[in-house]
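In listed order, ligands and their atoms are each counted from 1.
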Amino acid sequence: MPQRPIYLDCHSTTPVDENVVNAMLPYFTEHFGNASSTSHIYGWEAEAAVKKARETIAAAINASPEEIIFTSGATEANNLAIKGVAETYFSQGQHIITIATEHSAIIDPCNYLKTLGFDITFLPVEKDGTINLDNLEKAIRNDTILVSVMAANNEIGVLQPLAEIGAICRDRSKGESNIIFHSDSAQAIGKIPLDVQAMNIDLMSLTAHKVYGPKGIGALYVRRRKPRVVLAPQQHGGGQERGIRSGTLYTPQIVGFGKAVEIALKNQVKENKFIAQLRQNLWEQISQLEGVYLNGHPTQRLAGNLNLSIEGVDGSALLLGLQPIMAVSSGSACSSTNTAPSHVLTALGHSEKLAYASVRFGIGRFNTEEEINRVAEHFISTVKSLRKQAVMI
Ligand SMILES: *Cc1c(COP(=O)(O)O)cnc(C)c1O
């Protein structure tokens, strides 16, 4: 078999950690029970495993276990949060604030609500991808019910100041009229410290597969006290997850999610240091090229993210040249059929052409120094040869 390219696309998904797989396996076989079956040991075993994972995930964000609602991932958690708030609180107001660089799983539900009559403000971001807090203050109105700002961006890795945003939302809440603060933290869980109390976060979307857990499992944190957030369920049925999200719990995935979070938290500081070092090494080598620009805030970002725009090369030609050696993403929209420039990069003020000639590196737990050196070398030679060709044409 030919050697497979080096995987550097960890914002898209991560490989499942072997320890996570091993923790999951018994829950497909001997412990296959339904966590809602209360009359026998099969159910009790599954319930105990779910309870343990729920406690781990809650502790990771300083929530309590009853505040964790398992979902199929962050897309579902975002939909539940945004539509659930809209449906419950529409009589209080119909204005929602979010930012231009959100994942499509925030932007699209917001645009859907617009068709139902809600008013959505998509705040622009600064050139470095961070939110302008004065703009947020000014955008809040009497009828604002929800502010949704992501913790870490999936393309440029930029971290938003969640504690400051949470403080603003609390400050501007009046009596019973709370401004609910939601954060899509799919890229952040396990990678940076998250604390829903200190940050005044009311709803938080999580997913397992960006942190070396399995795909198809995530969670929504729903605040129960000060204030209690009431969500209209978006999926009705057996009444699981306190009636907020019906459906038989996917025990193996939940166990894997819990294990993945446990491992990530235990190694967070050490791992971030290691990954940041790999990124620094990659950037130091690549930045010897001229006409290469770092997208997003230079320091306020995820350790493993390096998003670059490259002058004087065609985006698709570059990706094609890189493909045999490395698995990375381009700066175009996520779908393979859509070659429009990324809405995140255009939100930073890039021209369409430069936004398109962009590459996102997502470095992770299992990458090595040797891999990074090989990637840097091939990247540099590919850019140089494409530029030479361009000159000859
Ligand atoms: C990956 C991702 C999602 C979608 O998560 P799924 O679990 O794949 O549905 C949502 N938001 C952000 C920021 C992401 O990175």
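Numbered from 1 in the order shown, with element, the atoms of ligand 1 that lie under 4.0 Å from a heavy atom of Asn154 read 13 (C), 15 (O). With ligand atoms numbered from 1 in the order given, ligand 1 contributes 7 (O) to contacts under 4.0 Å with heavy atoms of Gly73. The Thr75 neighbourhood of ligand 1 comprises atoms 4 (C), 5 (O), 6 (P), 9 (O), with distances under 4.0 Å to a heavy atom of that residue. The distance from ligand 1 to the heavy atoms of Lys210 drops below 4.0 Å at these ligand atoms: 1 (C), 2 (C), 3 (C), 14 (C), 15 (O).
With a 4.0 Å heavy-atom cut-off, ligand 1 is reached by the side chain of His209 but not by its N, CA, C or O. Contact annotation for Ala74 and ligand 1: heavy atoms of both the backbone and the side chain come within less than 4.0 Å of the ligand.
Looking only at protein heavy atoms, the nearest one to atom 7 (O) of ligand 1 is Thr207 OG1, 2.6 Å. The protein non-hydrogen atom at the shortest distance from atom 10 (C) of ligand 1 is Asp184 OD2, 3.5 Å.
The existence of a salt bridge linking Arg172 and Glu137 is confirmed by a sub-4.0 Å separation between a basic side-chain nitrogen and an acidic carboxylate oxygen.
Residue His11 places no N or O, backbone or side chain, under 3.5 Å from any N or O of ligand 1. For a threshold of 3.5 Å applied to N or O pairs, the pair formed by Ser72 and ligand 1 contains no separation below that value.
Gln234 and Glu87 share a donor-acceptor pair across their side chains, judged by distance under 3.5 Å alone. His95 and Thr121 form a side-chain donor-acceptor contact under 3.5 Å, judged by distance and modelled atom types alone.
Around the CD atom of Glu377, the shell of radius 6.0 Å holds no more than 12 heavy atoms that belong to other residues, nucleotides or ligands.
Checked against a 6.0 Å centroid threshold, the rings of Phe257 and Tyr212 do not count as neighbours.
In this pair, His40 and Tyr42 present their aromatic rings perpendicular. The plane angle is above 60°, beyond the 30 to 60° band.
A distance-only check finds a donor-acceptor pair linking the side chain of Asn367 to the backbone of Tyr7 [under 3.5 Å].
Within the 4.0 Å heavy-atom shell around ligand 1 one does not find Glu76.
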>> Apply salt bridge (charged side-chain N to carboxylate O under 4.0 Å, His left out) to residues Arg387 and Asp314 and explain how you reach the verdict.
In response: CA-CA 9 Å; Arg387 281 178 175 168; Asp314 174 68; over 6 Å; no

